[in-house]
Amino acid sequence: MEIRSKFSIRLIVLAITINLSLALPSSPQPYSWTGSFGDDESSEISPLRGHPSLLGVITKEVNPESSASVSSDKYELAPGQGASAELGIPFTFEDTTNPQPIRGDLGSTDPGPRTYSYDRLNPDTLAPPGSDSGDVEQAKWPMGLSHNRILPGHAGWSRQENVHNLPLATAMAGVDMKLAPWAYRELHWHKANEWGLILNGSVRLQTMNEDGQTFVDDLTEGDVWYFPSGIPHSLQGLDKGSEFMLVFDQGDFDDGGTSLASEMFLRNPKEVLSKNLQAPLTDFDDLPKDQLYIFNGTPAPKDIKEQNVTGPGGFAAGAESYTYHLSKQKSYETPGGSIKIIDPINFPIARNFSAALVTIKPGAMREIHWHGTSDEWGFFISGNARVSVYIAPTSGATFDFSAGDVSYVPATASHYIENIGNEDVVFLEVLQAPRFTDISVGQWLKLTPKQIIKDTLHLPDSLLDNLSPNKQYIVQGNTNLTSALGSRGPT
Ligand SMILES: *[C@@H]1O[C@H](CO)[C@@H](O)[C@H](O)[C@H]1NC(C)=O
Ligand SMILES: *[C@@H]1O[C@H](CO)[C@@H](O)[C@H](O)[C@H]1NC(C)=O
Ligand SMILES: *[C@@H]1O[C@H](CO)[C@@H](O)[C@H](O)[C@H]1NC(C)=O
Ligand SMILES: *[C@@H]1O[C@H](CO)[C@@H](O)[C@H](O)[C@H]1NC(C)=O
């Protein structure tokens, strides 16, 4: 009994000694960040966590020299930024050295830390108009923030927006892809339907459907294609290569998850391949050892007829065509810009894809509207714009967009696209619908009994009389803030 207890006391003492020696640091911990209120002065060495004496009230520690206010000589407001937040006029921080989150009487200076580039790209996020309200899900995803998949041999790259980086975008996803001259997007197929617009350069594409009907065509900047789910297809960049934007009708589409010709051959026993294609085993010696995805190829023949393979199913011509030469379509002109509409009425195979390619002049605006049945997936090809989204019943938010940004607006949510820059805004809007439609707010006000509008919104006769019974699509505007502000003027 006695021996046992002495032994256990010795064990406890040993354990305490080990614990103590573990608790004492053998050398001071590295300590580099210095707060503006100074270091922990309670100890010579800098422990990883500060001294308990720093807890709670230490009045003498307040440093009168440090300030969270930016003094007025250290920043200037952008032209128009001082105007009432209720007006919500657009302004740019382009020539503003130290942009501040201030609009009219709202906001306060920001001493940092921050990265000014974000503020310059998003003035309406830093200093939102007074009309913004409540919670609105993020409606913008810059493709420049998407991880890029870059392929060997400078063959190309691809990056994507889907519900994983833009959670609001549940019904559609986008893939931005580049093919170098003669590079291929490998023969492949997938579960989603695919709609594509060429942004730059030209491609040759081909496909074959379930009926053995074939198709081949060359497309250039501004042209469109469509591949239904499951149909195997490939694309090849022509002599100058190509960049294009793909839109899929599934929010969780992943371009890394498509079925590939190379993988399908790798996933079947060679014995099976040999039997199926009635060829000796040695014919499969040179199959690729890994998937190709995007890879360099041999130059396509100049004459497309050399690649026009047809069988008993014939060629997919006319209404069965997988392409539409939108670049050749005449734009519908409006005073503020122009618009091209492509939907199953002119491109029948793309059964549920309806789109508009809109050009908005500086100061002009794609009018306030909403789409009744479909979300809108958008892509900004050029310029600078802002968009306010109204989400029922009481929320609204304004987002700024520039070339390379994706936008997403839920069905029935009203929105406009205002050109707030000095160059044309070119904007693609894509719907899941059998026809491109929207409700135009101007047209709706005009075609509703005047009495109802006046009782509801208290708008004057002069305004209602001036409205057109036709959809405007793009309304004119000006870029002159002084004139836009009218008699109220900036403060
Ligand atoms: C295509 O790329 C060329 C060269 O970079 C550029 O000059 C041109 O503006 C691009 N076209 C479009 C529509 O972006
Ligand atoms: C391919 O050949 C078919 C006839 O078999 C023809 O109808 C079609 O226009 C051709 N397409 C091209 C792009 O040459
Ligand atoms: C078209 O898209 C809408 C909106 O996503 C969907 O509700 C509808 O089922 C689709 N129609 C067809 C024929 O796929
Ligand atoms: C802007 O508009 C105001 C008022 O309409 C006018 O006086 C001024 O000259 C305009 N400025 C420019 C640069 O056009």
Side-chain angles (χ1 to χ4, degrees), residues 137 139 161-163 166-174 190-196 198 202-220 223-231 233-236 238-239 246-253 300-328 341-356 369-378 406-413 415 428-439:
E137 270 191 78
E161 168 283 320
N162 61 26
V163 77
L166 189 59
L168 180 64
T170 51
M172 283 168 271
H190 34 74
K191 288 181 187 162
N193 294 301
E194 167 183 325
W195 188 98
I198 308 224
S202 51
V203 296
R204 178 166 298 170
L205 49 75
Q206 62 74 228
T207 186
M208 183 206 79
N209 66 23
E210 293 92 337
D211 300 322
Q213 193 181 33
T214 58
F215 185 79
V216 60
D217 195 13
D218 289 345
L219 295 184
T220 189
D223 290 341
V224 168
W225 73 78
Y226 178 79
F227 291 121
S229 61
I231 303 291
H233 53 279
S234 70
L235 300 150
Q236 184 173 25
L238 295 182
D239 57 339
L246 306 171
V247 188
F248 296 88
D249 60 357
Q250 291 174 355
D252 61 357
F253 181 83
K302 257 210 168 63
D303 187 353
I304 194 171
K305 289 196 180 70
E306 288 179 41
Q307 293 195 311
N308 188 5
V309 182
T310 52
F315 190 81
E320 291 169 326
S321 171
Y322 290 94
T323 59
Y324 185 87
H325 292 252
L326 186 64
S327 65
K328 308 257 183 326
I341 289 175
I342 176 168
D343 64 12
I345 293 170
N346 49 354
F347 188 30
I349 199 153
R351 271 185 290 274
N352 214 21
F353 273 80
S354 292
H369 67 281
W370 65 86
H371 304 283
T373 58
S374 171
D375 293 358
E376 173 189 297
W377 187 94
V406 171
S407 67
Y408 198 88
V409 180
T412 72
H415 56 285
L428 169 70
E429 45 185 291
V430 182
L431 310 177
Q432 290 301 303
R435 196 158 71 89
F436 185 87
T437 60
D438 65 9
I439 296 285

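When a ligand or atom number is given, it counts from 1 through the structure's own listing order. Computed over heavy atoms, backbone and side chain alike; hydrogens, waters and symmetry mates excluded.
- Using the six-membered ring where Trp is involved, Trp225 and Phe227 have ring planes that are tilted, between 30° and 60° apart.
- Contact check on Arg204 versus Asp218 returns a salt bridge, with a Lys/Arg side-chain nitrogen under 4.0 Å from an Asp/Glu carboxylate oxygen.
- Gln206 and Thr214 share no side-chain donor-acceptor pair at under 3.5 Å.
- Of all non-hydrogen atoms in Phe436 and Ser354, the two that sit nearest each other are N-OG, 3.5 Å.
- Taking every heavy atom of Val216 and a limit of under 4.0 angstrom, the matching atoms of ligand 2 come to 13 (C).
- Looking only at atom types and distance, the side chain of Glu429 has no donor-acceptor partner in the side chain of Trp377 under 3.5 Å away.
- Protein residues with a heavy atom under 4.0 Å from ligand 3 are Asn352, Gln432.
- Relative orientation of the His190 and Phe253 rings is perpendicular, given thresholds of 30° and 60° on the angle between their planes.
- Interface atoms of ligand 2 facing Thr310, defined by a heavy-atom separation under 4.0 Å, are 5 (O).
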Distance-only criterion, 3.5 Å: show the donor-acceptor pairs between side-chain atoms of residues 318-328 and protein atoms not counting sequence neighbours.
unit_1	atom_1	unit_2	atom_2	d
Glu320	OE1	Gln213	NE2	2.8
Ser321	OG	Thr323	N	3.1
Ser321	OG	Thr323	O	3.0
Tyr322	OH	Asn209	ND2	3.2
Thr323	OG1	Asp217	OD2	2.7
Tyr324	OH	Gln329	OE1	2.9
His325	ND1	Asp223	OD2	3.4
His325	NE2	Asp217	OD2	2.8
Ser327	OG	Asp223	OD1	2.6

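- Among the atoms of Asn308, some N or O lies under 3.5 angstrom from an N or O of ligand 2.
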